[in-house]
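These numbers come from the heavy atoms of this one structure, side chains and all, not from hydrogens, waters or symmetry mates. Bear in mind that the values here come from a model prediction, so they are computed numbers and not experimental data. One-based numbering, in listed order, for ligands and for the atoms of each. Throughout, residue positions are numbered sequentially from 1 according to the sequence presented.
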Amino acid sequence: MLYPQQNEVRNLFDLSGIWDFQIDPHGAGEAAGWSGGLPDAQPIAVPGSWNEQYGDLRDYLGLAWYARSFCIPAAWQGSRVRLRVGSAVYRAEVWINGHKVGDHDGGHLPFEFDITDHLRWDHENHLAISVENELKPTRVPPGNVGGGAFALMGSYPAASYDFFPYAGIHRPVYLYSVPQQHIEDVTVTTEIDGSTGQVRVVVAQSGSGGSCHLHLKDDASSLETAVEFDGSRAEAILDVANARLWSPADPHLYQLTVSLIDDGLHVDRYRLDIGIRTVAVKGDHILLNGEPIFLKGFGRHEDFAVSGRGLNLPLMVKDYGLLKWIGANSYRTSHYPYSEEEMRMADREGILIIDESPAVGLFFESSDDDIATRLDLCKTQMRELIRRDKNHPSVIMWSVANEPFPPDMMRRFASHEPLPVDPKTTRFFEELIRLTRDLDPSRLVTLVGIHGTPNDWHALTDVVCINRYYGWYSQGGQLDQGLALLTRELDALHSALGKPVMICEFGADTIPGAHAEPAELWSEEYQVLMLEGYLDAADARPFMAGMHIWNFADFKTGQGNRRVGGYNYKGVFTRDRRPKMAAHMLKKRWNA
Ligand code: BDP
């Protein structure tokens, strides 16, 4: 799914701004005709989470309506017009001039509808989008689950995950035009052969016939080729001599221009920046462009005061500056896909991404039908994620889930030995990972395991990714004991699975300004010691492929008796991006 763009052929109109808004707790709005106008609207910012904009809506996750008007310039006539929503959490329904044009389930991923046939060209148009984020066990991520590990979390609202279940339209809403015959999709994959970069481009168009012109250039080179469409598909390989490869050290981008030509006319055009690079796993290493790379960085969240989970561009720029400052080369989009603007920034700044699906907190204590429904939702979200992010050189690995809970989670928590698991649950991940590899054989695939995750599940992945909190949730205040257990487990995992291992989360809640000598839980000193202990353990083990600290910054959670003020304080930066002691330690260590 192409990111919308303005160019010589296509038009783009950003509908971000102040919209009308009204909650609909009893679901009466549709019958009452709210798709044509809201009877008692209040203003709301799009993008943004409603929970942050109105105090009395902080915990409201039910149905709400967004509405605004727009006019379409006459110059767009003759084109197809699409409405594209970057992300609405969780379910959205869209109406144009009172006609329902579509719906979408699942947050954090874009959806779009062709609205041409419902537009008025000589009049204002009315757009209404209803959104709700009810927490339900059958959704992905699930909510309101109750029992087992979820009871332990005891969060209000009852999410099955440790971040605030922000609701609303979180990313820009665009109108854009495409010609009647247009480029529908472009897929770019790259290989390296000696000093030549092979760029394989597959173009899909809405119609058939005609030809496709490709132009790939950077400051030093310019390559062009033309290929006939075979039906609606065209494919070509461009060989770039002395290719300048994309990497964190040199995030070099080439510009690819795709033109659709019919009857000698340029009917459509699309430009995208691409990077030439390869990713693989060999032995105990992740290879980028054939060379081992160690991932240094964080798990993060899209989270900030007032904007909530809404796209916040100044914050994004600030965060990339801090990632550079501290010497990180990567992060994971824990625990849902981040904005497309983030992915484009990662391409440009040379940050490697583990791109995670919204599948956090999956569980198996439910009927076979419910498990099958959940698997279908996970598959749909992987399809939508790959369709969106497949062309980003920054994305090197897909994460199909964070901390899925095996059926007997509590017994596993207590055990320090890997326990066998019901093969039915393994089949769930076999299917999901197989689909991911089929959709994109060019990247790595993982799932991120909690303590007690069966080795059968890790065996399905390219990199063994684990989250560990020895010294915090267990062995709290007894770091030496925690580290002894950690190193024992790392060695055991590696000898059992024979693959690169990466810790995707480790960290300690740390109240900024709390100090203690000797170090103790919640103090800045303890965070420093714990992170150093884990990093030392990884440095001593050549099979370790990366260390991502939990978390880049403090972030909002539900209310719970382990979350002071409704925050997770494991950030090495505060929520307003001030460095804790640990940030200075990491800066020294990662820049050394
Ligand atoms: C891990 C989760 C993460 C939590 C973290 C924590 O993956 O979402 O925020 O624990 O408890 O289990 O801080």
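Looking only at protein heavy atoms, the nearest one to atom 8 (O) of ligand 1 is His335 NE2, 2.6 Å. Among protein heavy atoms, the minimum distance from atom 9 (O) of ligand 1 is reached at Asp162 OD2, 2.5 Å. For atom 2 (C) of ligand 1, the closest non-hydrogen atom of the protein is Glu505 OE1, 3.3 Å. Scanning the protein for heavy atoms near atom 13 (O) of ligand 1, the closest one is Lys570 NZ, 2.5 Å.
At a heavy-atom cutoff of 4.0 Å, ligand 1 is contacted by the side chain of Asn568 but not by its backbone. Here His451 has no heavy atoms under 4.0 Å from ligand 1, in either its backbone or its side chain. Here Asn402 has side-chain heavy atoms under 4.0 Å from ligand 1, and that is the only part of it that gets that close.
Nearest heavy atom pair, residue Arg562 against residue Trp522, reads O-CH2, 4.3 Å. A pairwise comparison of heavy atoms in Asp319 and Arg300 identifies OD2-NH2, 3.0 Å as the closest pair.
Contact annotation: Ile450 has no heavy atom less than 4.0 Å from any atom of ligand 1. At a 4.0 Å cut-off, not a single heavy atom of Arg468 sits close enough to ligand 1 to count as contact. Under the 4.0 angstrom criterion for non-hydrogen atoms, Phe555 is in contact with ligand 1.
In terms of polar-atom proximity, Arg562 is not counted as a contact of ligand 1, lacking any N or O under 3.5 Å from an N or O of the ligand. Of the polar atoms of Asp509, none of the N or O atoms is found under 3.5 Å from an N or O of ligand 1, judged by distance alone.
Within 6.0 Å of atom CZ in Arg589, more than 12 heavy atoms from other residues, nucleotides or ligands are found, so the atom counts as buried in its surroundings. Enclosure of atom NZ in Lys318 is not indicated, since only 12 or fewer non-hydrogen atoms of other residues, nucleotides or ligands lie within 6.0 angstrom.
For the ring pair (Phe, Tyr, Trp, His ring centres under 6.0 Å) criterion with Phe298, the lone passing option out of Trp590, Tyr331, Phe573 is Trp590.
For atom 11 (O) of ligand 1, the nearest non-hydrogen atom from the set Trp550, Tyr473, Tyr469 comes from Tyr473.
In this structure, Phe364 and Phe429 have perpendicular ring planes: the angle between them is above 60°, well past the 30° mark.
The contact set between ligand 1 and Arg563, taken as ligand atoms under 4.0 Å from a residue heavy atom, comprises 6 (C), 11 (O), 13 (O). Those atoms of ligand 1 with a heavy atom of Glu403 less than 4.0 angstrom away are 1 (C), 2 (C), 7 (O), 12 (O). Counting the atoms of ligand 1 from 1 in the order shown, those under 4.0 Å from a heavy atom of Asn467 are 7 (O).
Of the N and O atoms on the side chains of Glu52 and Tyr166, at least one donor lies less than 3.5 Å from an acceptor on the other residue. Counting only N and O atoms by type, the side chains of His515 and Glu525 include a donor and acceptor under 3.5 Å apart. Counting only N and O atoms by type, the side chains of Asn51 and Arg309 include no donor and acceptor under 3.5 Å apart. For the 3.5 Å distance criterion, the side chains of Asn551 and His301 fail to qualify, holding no donor opposite an acceptor.
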